[in-house]
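Just so it is clear, the values below take in all heavy atoms, side chains as well, and ignore hydrogens, waters and symmetry mates.
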Amino acid sequence: MTKQHSIRFGISDGNGRRACTWKCWTHIGSGKSDVYIICRSLDSSVKVSLHDSGNWRVAFSQEFYHEQSDIFAENPKGRCLSVWEPIEISPGVILAFHIVTPYSSITNPIGKNDNNVIWALQKPKYTASEIFIVLTSSDAVVSSWPGKNSMGTSLLGSFQLENKSKMWIVEKPVICPNFKIPQGRLTYFKNMHKENISGDNIRAFIIGKEKDGSRYIVDAVVDVKIHTQNITMQDDKD
(Lines give C-alpha, C1' and ligand atoms only; values in the text may rest on other atoms or scores of the structure.)
Protein backbone atom coordinates (compact mmCIF):
# COMPACT_ATOMS: atom_id res chain seq x y z
CA MET A 1 0.00 0.00 0.00
CA THR A 2 1.26 3.48 -0.91
CA LYS A 3 2.28 5.56 2.10
CA GLN A 4 0.34 8.74 2.76
CA HIS A 5 0.36 11.95 4.69
CA SER A 6 -3.29 12.21 5.71
CA ILE A 7 -5.59 14.16 8.01
CA ARG A 8 -9.15 13.23 8.96
CA PHE A 9 -11.26 16.10 10.19
CA GLY A 10 -14.83 17.18 10.86
CA ILE A 11 -17.19 19.44 12.76
CA SER A 12 -18.53 18.50 16.21
CA ASP A 13 -20.83 20.21 18.70
CA GLY A 14 -18.62 19.07 21.61
CA ASN A 15 -21.49 16.98 23.00
CA GLY A 16 -21.05 13.72 21.10
CA ARG A 17 -22.55 14.68 17.75
CA ARG A 18 -20.88 15.48 14.44
CA ALA A 19 -21.46 16.40 10.83
CA CYS A 20 -19.85 14.44 7.99
CA THR A 21 -16.16 13.64 8.33
CA TRP A 22 -13.50 14.21 5.69
CA LYS A 23 -10.07 12.93 4.72
CA CYS A 24 -7.34 14.97 3.02
CA TRP A 25 -4.16 13.22 1.88
CA THR A 26 -1.15 13.08 -0.43
CA HIS A 27 0.96 10.10 -1.46
CA ILE A 28 4.53 9.79 -0.17
CA GLY A 29 7.31 8.82 -2.56
CA SER A 30 5.22 9.15 -5.70
CA GLY A 31 7.20 12.07 -7.07
CA LYS A 32 3.97 14.06 -7.32
CA SER A 33 2.38 16.66 -5.08
CA ASP A 34 -1.26 15.81 -5.69
CA VAL A 35 -3.76 16.43 -2.87
CA TYR A 36 -7.07 14.57 -2.53
CA ILE A 37 -10.17 15.16 -0.41
CA ILE A 38 -13.08 12.80 0.17
CA CYS A 39 -16.14 12.66 2.41
CA ARG A 40 -16.62 9.35 4.22
CA SER A 41 -20.41 9.57 3.90
CA LEU A 42 -20.06 9.47 0.11
CA ASP A 43 -18.06 6.24 0.36
CA SER A 44 -15.30 7.62 -1.92
CA SER A 45 -17.75 7.90 -4.83
CA VAL A 46 -16.90 11.62 -5.17
CA LYS A 47 -13.36 12.94 -4.84
CA VAL A 48 -11.72 16.37 -4.92
CA SER A 49 -8.43 16.11 -6.83
CA LEU A 50 -5.90 18.94 -6.67
CA HIS A 51 -3.28 17.69 -9.10
CA ASP A 52 0.22 19.11 -9.11
CA SER A 53 -0.24 19.68 -12.86
CA GLY A 54 -2.91 22.32 -12.15
CA ASN A 55 -5.75 20.06 -13.27
CA TRP A 56 -8.14 20.48 -10.36
CA ARG A 57 -11.58 18.94 -10.22
CA VAL A 58 -14.46 17.51 -8.25
CA ALA A 59 -15.49 14.26 -9.90
CA PHE A 60 -17.10 10.89 -9.42
CA SER A 61 -14.46 8.23 -8.86
CA GLN A 62 -13.52 5.99 -11.77
CA GLU A 63 -14.92 2.95 -9.92
CA PHE A 64 -18.28 4.62 -9.31
CA TYR A 65 -18.36 5.97 -12.87
CA HIS A 66 -17.88 2.51 -14.36
CA GLU A 67 -20.38 0.92 -11.97
CA GLN A 68 -23.01 3.43 -13.08
CA SER A 69 -21.98 3.56 -16.76
CA ASP A 70 -25.58 3.23 -17.98
CA ILE A 71 -26.54 6.43 -16.15
CA PHE A 72 -23.42 8.38 -17.10
CA ALA A 73 -23.84 7.43 -20.76
CA GLU A 74 -26.54 10.12 -20.91
CA ASN A 75 -24.27 12.75 -19.35
CA PRO A 76 -22.08 14.57 -21.90
CA LYS A 77 -19.87 16.02 -19.13
CA GLY A 78 -18.69 12.58 -18.05
CA ARG A 79 -17.76 12.05 -14.42
CA CYS A 80 -16.49 15.58 -13.66
CA LEU A 81 -18.75 17.84 -11.60
CA SER A 82 -16.47 20.89 -11.55
CA VAL A 83 -13.12 21.70 -13.19
CA TRP A 84 -10.88 24.69 -12.47
CA GLU A 85 -7.28 25.91 -12.26
CA PRO A 86 -5.45 27.08 -9.10
CA ILE A 87 -5.38 30.85 -8.55
CA GLU A 88 -3.02 32.59 -6.13
CA ILE A 89 -4.73 34.92 -3.64
CA SER A 90 -1.31 36.30 -2.62
CA PRO A 91 2.26 35.43 -3.69
CA GLY A 92 2.76 31.70 -3.17
CA VAL A 93 -0.63 31.18 -1.46
CA ILE A 94 -3.56 29.35 -3.07
CA LEU A 95 -6.96 29.05 -1.40
CA ALA A 96 -7.71 25.68 -2.91
CA PHE A 97 -11.03 24.51 -1.50
CA HIS A 98 -13.76 25.24 1.07
CA ILE A 99 -16.04 22.94 3.07
CA VAL A 100 -19.03 24.70 4.66
CA THR A 101 -20.97 22.95 7.42
CA PRO A 102 -24.14 24.59 8.80
CA TYR A 103 -24.86 23.99 12.48
CA SER A 104 -27.99 22.04 11.48
CA SER A 105 -25.80 19.39 9.81
CA ILE A 106 -24.32 18.23 13.14
CA THR A 107 -26.72 15.29 13.46
CA ASN A 108 -24.70 12.07 13.66
CA PRO A 109 -23.42 10.44 16.86
CA ILE A 110 -19.63 10.24 17.15
CA GLY A 111 -18.69 6.55 16.94
CA LYS A 112 -15.70 4.30 17.47
CA ASN A 113 -14.58 4.83 13.87
CA ASP A 114 -14.09 8.54 14.62
CA ASN A 115 -11.24 8.13 17.10
CA ASN A 116 -8.58 9.65 14.86
CA VAL A 117 -10.68 12.58 13.59
CA ILE A 118 -9.51 16.11 14.37
CA TRP A 119 -12.57 18.08 15.42
CA ALA A 120 -13.44 21.72 14.99
CA LEU A 121 -16.04 22.64 17.59
CA GLN A 122 -19.17 24.45 16.46
CA LYS A 123 -21.58 25.39 19.23
CA PRO A 124 -23.64 28.51 18.46
CA LYS A 125 -26.91 27.75 16.71
CA TYR A 126 -27.72 29.27 13.30
CA THR A 127 -24.05 29.57 12.40
CA ALA A 128 -21.76 27.48 10.22
CA SER A 129 -18.15 26.36 10.12
CA GLU A 130 -16.01 26.96 7.05
CA ILE A 131 -12.93 24.82 6.52
CA PHE A 132 -10.28 26.15 4.14
CA ILE A 133 -7.78 23.98 2.28
CA VAL A 134 -4.78 26.23 1.60
CA LEU A 135 -1.60 25.49 -0.34
CA THR A 136 1.57 27.52 0.20
CA SER A 137 4.68 27.29 -1.97
CA SER A 138 8.11 26.59 -0.49
CA ASP A 139 9.11 30.26 -0.89
CA ALA A 140 5.86 31.76 0.45
CA VAL A 141 6.20 33.99 3.50
CA VAL A 142 4.03 32.34 6.19
CA SER A 143 4.63 33.41 9.80
CA SER A 144 2.02 31.01 11.21
CA TRP A 145 -0.92 29.13 9.68
CA PRO A 146 -2.95 30.89 6.95
CA GLY A 147 -5.59 33.31 8.20
CA LYS A 148 -4.57 33.10 11.87
CA ASN A 149 -4.23 36.86 12.28
CA SER A 150 -6.24 38.24 9.35
CA MET A 151 -9.27 35.93 9.64
CA GLY A 152 -9.07 34.36 13.10
CA THR A 153 -8.78 30.81 11.79
CA SER A 154 -7.94 27.74 13.87
CA LEU A 155 -5.43 25.15 12.64
CA LEU A 156 -6.69 21.57 12.16
CA GLY A 157 -3.55 20.19 10.53
CA SER A 158 -0.91 20.45 7.82
CA PHE A 159 1.60 18.37 5.90
CA GLN A 160 4.40 18.95 3.41
CA LEU A 161 4.15 17.83 -0.20
CA GLU A 162 6.83 16.27 -2.39
CA ASN A 163 7.62 19.62 -4.04
CA LYS A 164 8.24 21.20 -0.59
CA SER A 165 5.02 23.20 -0.71
CA LYS A 166 2.65 22.82 2.23
CA MET A 167 -1.00 21.92 2.60
CA TRP A 168 -2.96 23.51 5.47
CA ILE A 169 -6.43 22.82 6.86
CA VAL A 170 -7.85 25.75 8.85
CA GLU A 171 -11.33 26.58 10.12
CA LYS A 172 -13.43 29.50 11.31
CA PRO A 173 -17.11 30.09 12.22
CA VAL A 174 -19.12 32.00 9.61
CA ILE A 175 -22.66 33.25 9.05
CA CYS A 176 -24.85 30.33 7.99
CA PRO A 177 -25.49 30.58 4.23
CA ASN A 178 -29.05 30.46 2.94
CA PHE A 179 -29.30 28.16 -0.07
CA LYS A 180 -32.21 27.98 -2.47
CA ILE A 181 -31.99 24.65 -4.27
CA PRO A 182 -34.10 24.49 -7.45
CA GLN A 183 -36.31 21.64 -8.55
CA GLY A 184 -34.69 18.93 -10.62
CA ARG A 185 -35.22 15.46 -12.00
CA LEU A 186 -34.11 12.76 -9.57
CA THR A 187 -31.44 10.25 -10.58
CA TYR A 188 -31.07 7.06 -8.52
CA PHE A 189 -27.57 5.59 -8.19
CA LYS A 190 -26.49 2.13 -7.00
CA ASN A 191 -29.94 0.56 -7.47
CA MET A 192 -31.56 3.03 -5.08
CA HIS A 193 -35.30 3.73 -5.23
CA LYS A 194 -37.77 6.32 -4.01
CA GLU A 195 -38.10 4.76 -0.56
CA ASN A 196 -34.33 5.10 0.01
CA ILE A 197 -34.59 8.89 0.26
CA SER A 198 -37.30 8.99 2.90
CA GLY A 199 -36.66 9.47 6.59
CA ASP A 200 -34.44 11.73 8.66
CA ASN A 201 -30.88 12.89 8.10
CA ILE A 202 -31.06 13.10 4.31
CA ARG A 203 -28.13 15.17 3.10
CA ALA A 204 -27.27 17.22 0.03
CA PHE A 205 -23.73 18.08 -0.98
CA ILE A 206 -23.82 21.38 -2.81
CA ILE A 207 -20.87 22.25 -5.06
CA GLY A 208 -20.30 25.91 -5.87
CA LYS A 209 -17.80 28.50 -7.05
CA GLU A 210 -16.39 31.34 -4.96
CA LYS A 211 -15.68 34.82 -6.33
CA ASP A 212 -11.93 34.14 -6.13
CA GLY A 213 -12.32 31.13 -8.45
CA SER A 214 -11.99 28.45 -5.77
CA ARG A 215 -14.67 25.81 -5.23
CA TYR A 216 -16.66 24.74 -2.19
CA ILE A 217 -18.85 21.92 -0.93
CA VAL A 218 -21.67 22.44 1.56
CA ASP A 219 -22.72 19.56 3.83
CA ALA A 220 -26.44 20.31 4.20
CA VAL A 221 -29.32 18.46 5.83
CA VAL A 222 -32.43 18.75 3.65
CA ASP A 223 -36.14 18.04 3.68
CA VAL A 224 -37.08 15.86 0.73
CA LYS A 225 -40.47 16.25 -0.91
CA ILE A 226 -41.26 14.03 -3.88
CA HIS A 227 -43.73 15.24 -6.50
CA THR A 228 -44.38 12.59 -9.15
CA GLN A 229 -41.04 12.42 -11.05
CA ASN A 230 -39.50 15.59 -9.72
CA ILE A 231 -37.79 16.22 -6.40
CA THR A 232 -37.63 19.44 -4.43
CA MET A 233 -34.77 19.74 -1.94
CA GLN A 234 -34.66 22.66 0.44
CA ASP A 235 -32.16 23.52 3.14
CA ASP A 236 -33.86 23.53 6.55
CA LYS A 237 -32.78 27.13 7.18
CA ASP A 238 -35.03 28.45 4.39
Could you check whether any side-chain N or O of Ser33 sits under 3.5 Å from a backbone N or O of Asn163, counting only pairs where one atom can act as donor and the other as acceptor? yes

Counting only N and O atoms by type, is there a donor-acceptor contact under 3.5 Å from the side chain of Ser6 to the main-chain atoms of Trp25? no

Could you pull out all donor-acceptor pairs under 3.5 Å where a side-chain atom in residues 54-64 meets a protein atom, sequence neighbours excluded?
unit_1 : atom_1 : unit_2 : atom_2 : d
Trp56  : NE1    : His51  : O      : 3.0
Ser61  : OG     : Ser44  : O      : 3.4
Ser61  : OG     : Phe64  : N      : 3.1

List the atom of Ser12, the atom of Gly14, and the distance in Å for their closest heavy-atom pair. OG-N, 2.9 Å

Step by step, would you call Phe132 with Ile169 a side chain to side chain contact (heavy atoms under 4.5 Å, CB included)? CA-CA 6 Å; Phe132 304 90; Ile169 302 176; over 6 Å; no

Transitive ILVMFWY side-chain link Ile217 to Tyr103, under 4.5 Å: yes

Ignoring hydrogens, what is the shortest heavy-atom contact between Trp84 and Ala96? Give both atom names and the distance. CZ2-O, 3.9 Å

Mind checking whether Ile28 and Ile7 sit in one hydrophobic cluster, side chains of I, L, V, M, F, W, Y counted as touching below 4.5 Å? no

Give a yes or no answer on whether the side chain of Arg17 reaches the backbone of Asn15 with a donor-acceptor pair at less than 3.5 Å. no

Side-chain touch Ile37/Ile133, heavy atoms, less than 4.5 angstrom: yes

Cluster link Leu95 to Trp145, ILVMFWY, side chain under 4.5 Å: yes

Quick check: closest heavy atoms across Cys24 and Phe9, and the distance to 0.1 Å? CB-CE2, 3.9 Å

Once rounded to the nearest 0.5 Å, what's the spacing between atom CD of Glu171 and atom CD1 of Ile11? 5.0 Å

Considering only heavy atoms from C-beta outward, does the side chain of Cys176 approach that of Thr127 to under 4.5 Å? no

Do Lys166 and Leu135 touch side chain to side chain, with heavy atoms closer than 4.5 Å? no

Is there a donor-acceptor pair closer than 3.5 Å between any side-chain N or O of Ser137 and the backbone N or O of Val93? no

How close do Ala220 and Ser105 get, counting heavy atoms only, and between which atoms? CA-OG, 3.5 Å

Trp168 reachable from Tyr36 in the ILVMFWY side-chain graph, under 4.5 Å edges: no

What I'd like to find out is whether the side chain of Trp22 reaches to under 4.5 Å of the side chain of Val48, using heavy atoms alone. no

Nearest heavy-atom pair of Leu42 and Ser45: which atoms, and what distance? O-OG, 2.6 Å

Going by atom type alone, with no hydrogens or angles, which donor-acceptor pairs under 3.5 Å involve a side-chain atom of residues 155-162 and a protein atom two or more places apart or on another chain?
unit_1 : atom_1 : unit_2 : atom_2 : d
Glu162 : OE1    : Gly31  : N      : 3.3
Glu162 : OE2    : Gly29  : N      : 3.0

Least distance between heavy atoms, Gly152 atom then Lys172 atom: O-CB, 4.2 Å

Salt bridge check, Asp114 against Arg40: does any charged N sit closer than 4.0 Å to a carboxylate O? yes

Would a 4.5 Å heavy-atom cut-off, applied to side chains only, mark Val218 and Pro102 as touching? yes

Within the distance-only criterion (no hydrogens, no angle test), does the side chain of Asp219 pair as donor or acceptor with the backbone N or O of Cys20 below 3.5 angstrom? yes

ILVMFWY network linking Ile131 to Leu121, side-chain heavy atoms under 4.5 angstrom: no

Tell me whether Glu88 contacts the main-chain N or O of Gly92 through its side chain, where contact means a donor paired with an acceptor under 3.5 Å. yes

Please round to the nearest 0.5 Å and tell me the distance separating atom CD1 of Ile99 and atom SG of Cys39. 8.0 Å

pair Ile106-Gln122: side-chain heavy atoms closer than 4.5 Å: yes

Please examine the side chains of Ile94 and Val134, heavy atoms only from C-beta on, and report whether any two atoms are closer than 4.5 Å. no

